[in-house]
Number of protein chains: 2
Amino acid sequence: MAAHITISIDAMGGDNGPSTVLDGLAHSHDQNQDIRFLLFGDEADLEKQLKKHSRLSNAVELIHADTAVAMDTKPTQALRKRDGTSMWAAIEAVKEGRANAVVSAGNTGALMAMSRMSLGMMSSIDRPAIAAMWPCQTGRSIVLDVGANVEASASHLLDFAIMGRACAMVLFHKEDPSIGLLNIGSEDLKGHSSIREAAEVLKDPSLRLNYVGFVEGDDISAGTVDVVVTDGFTGNVALKTAEGTARLIGTFVRDSFSQSLLTKLGALFAGSAFKSLRERLDPGTVNGGPFMGLNGLVVKSHGGTDANGYASAVNVAIELARGDFVNRMAKTVERVHTALEQGDSMVADAEFTSAQQQTKKAAVS
Amino acid sequence: MAAHITISIDAMGGDNGPSTVLDGLAHSHDQNQDIRFLLFGDEADLEKQLKKHSRLSNAVELIHADTAVAMDTKPTQALRKRDGTSMWAAIEAVKEGRANAVVSAGNTGALMAMSRMSLGMMSSIDRPAIAAMWPCQTGRSIVLDVGANVEASASHLLDFAIMGRACAMVLFHKEDPSIGLLNIGSEDLKGHSSIREAAEVLKDPSLRLNYVGFVEGDDISAGTVDVVVTDGFTGNVALKTAEGTARLIGTFVRDSFSQSLLTKLGALFAGSAFKSLRERLDPGTVNGGPFMGLNGLVVKSHGGTDANGYASAVNVAIELARGDFVNRMAKTVERVHTALEQGDSMVADAEFTSAQQQTKKAAVS
């Protein structure tokens, strides 16, 4: 299966234009030579850019698109003017089965609106979600929703938990990823009613979800659970707060090491430490936010990312496509929804079997 | 006025017991020798602890309290059993005018419930809020609410803005601190209706608030505004997410510098850089969360803080007491509420005059 994976690329999306996209693709191609790319955008421009990447050219098929969706276009407007845009064409390639996933660094709202229109929502999922890969003490965790919905009811939170679980199974090769609901600590104030209701459902043993309970903001980076579930407002604020904190500490580090001759000398000796620190703090290393709940795989790259960051987003798309993410998620959703309706823990369960197979495959590869 | 400032201390609150509290007080006393402390707690224990701090003893009056509020007591239960607790007695000292402020590292919910009962809410303020001092690129900013309320209506958010403004005037010696409403970036989804409504009111020029608009999570650490307004759920998640991120990066720094002989040598040379970095990353340096909206000054210290952190919380209480915070806030609240009711920008305005006086005082001191 891996030999046939094709990723559709909206080459015109992002703040830095197609040259960053192509640099990123070249990085990704070096690590994943079996993957093919469909490149949507201005053909003349892309052809010129491709000349810089001779190795990549063989893995790429160019498809001309007349226009690009601007970063500040409203989603409704983007939908109206979708025809001829590189974003719409790139998504449609997934719908038509010509690609396993689409990656775009373009306008998030437009990408979500077009993806919903083209691919449609997964059966029995009401609301899509955007997931973030979050660096943590144990590696990576998944946080969702980080911005697709401002509010989330208990049943939306349950769906986010299921979808996050499916994502963690594929990305972390875990059979039974742990799930936490983001809440606040104060005893008397334990969260909104929707969170308390969702917690009651998630606890239901017949759903067989590895739900560990409420987690707080600092549990995300601690890696207390594999999947942190929250509404899109809270998740988006948390994500950007973490980015801002990392940036602030970066300033503190630079200030501290440039304060005297001795500290500068120390920084010189420890050059490789700074390099590895910079790499670990680079938000690009965890770039790539999969859209959850659609009948197709869409991965959003940060608009302002560099080539390394773009490669990370493409690699997330590749990992998820290799793990047959959308079908796996559909099975998980079906299993849990059936159990919810029937209160039956003996539901035929393709989800666990495929998880075991994948884990075995991961272990030998 | 400064010569008469007395701070009431709940010496039994916190995870680390009275010895940390007294170590912290000794730090604060060294920087603020004109401040007197009323120390509430187990007299025999406190007397023994005080022997270690001979300089501090002269600034302290011990007042025996039979019991302490446990960290896991529910607020309602704490209220019922308040008599004889060090927390209640320490708060009552503020109500009775024997102290200008109270500091406790104890149970947050209990401290808020007891403070409301003893001191009462400020006239025309519905909901109290807890403020956090947040380190940022420009120094410190104030974020509120970080946990007193799970939800906030538009009028609560407006009150938080007014109270945060008053706090920033006193702590940052600014005449007209800037205010932002925490929101998410996605265009179509600009926040909950309460946030959009609050924004409309905050823009009203007759209120003369320096409202700059919506800010996002990363603007908090960037120091885009002096006061970041949000509901207690989002604020608490953001605060703990930032703490968790700082802890994670601390791990990254340690890992990076211990990876080879050369990086270890660099770390040795740059010892002072690590020291200053550690100090800047120490959450204790920004410890001290004032309760807003009460008829009296209450400052919550983090329960698990060390002596330096406790001293920071005491210093926040001292700064706010010196700046006559509660009266200044009452004036700001009255001015804005009157303007709201009358739509009149010519309201007699003691707030600005006193801000100017204070700024001048700060400039010469």
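Naming: A, B, ... by sequence-line order, numbering from 1 per chain.
Among residues two or more places apart in sequence or in another chain, the side chain to side chain donor-acceptor pair (under 3.5 Å) test is passed with A/Ser118 by A/Glu92.
Contact tally against chain A (heavy-atom pairs below 4.5 Å) for B/Thr251, B/Ile220, B/Thr230: the top residue is B/Thr251. Taking chain B as the reference chain and counting heavy-atom pairs below 4.5 Å, the highest number among A/Leu239, A/Asp219, A/Asp231, A/Leu182 is found for A/Leu182.
Proximity to chain A (any heavy atom under 4.5 Å) is shown, for B/Ala242, by both the backbone and the side chain.
You'll find the side chain of B/Phe214 reaches within 4.5 Å of the side chain of B/Ile195, heavy atoms only. Counting heavy atoms from C-beta on, the side chains of B/Leu111 and B/Met87 come closer than 4.5 Å. Counting heavy atoms from C-beta outward, A/Met117 and A/Trp88 have side chains that approach closer than 4.5 Å.
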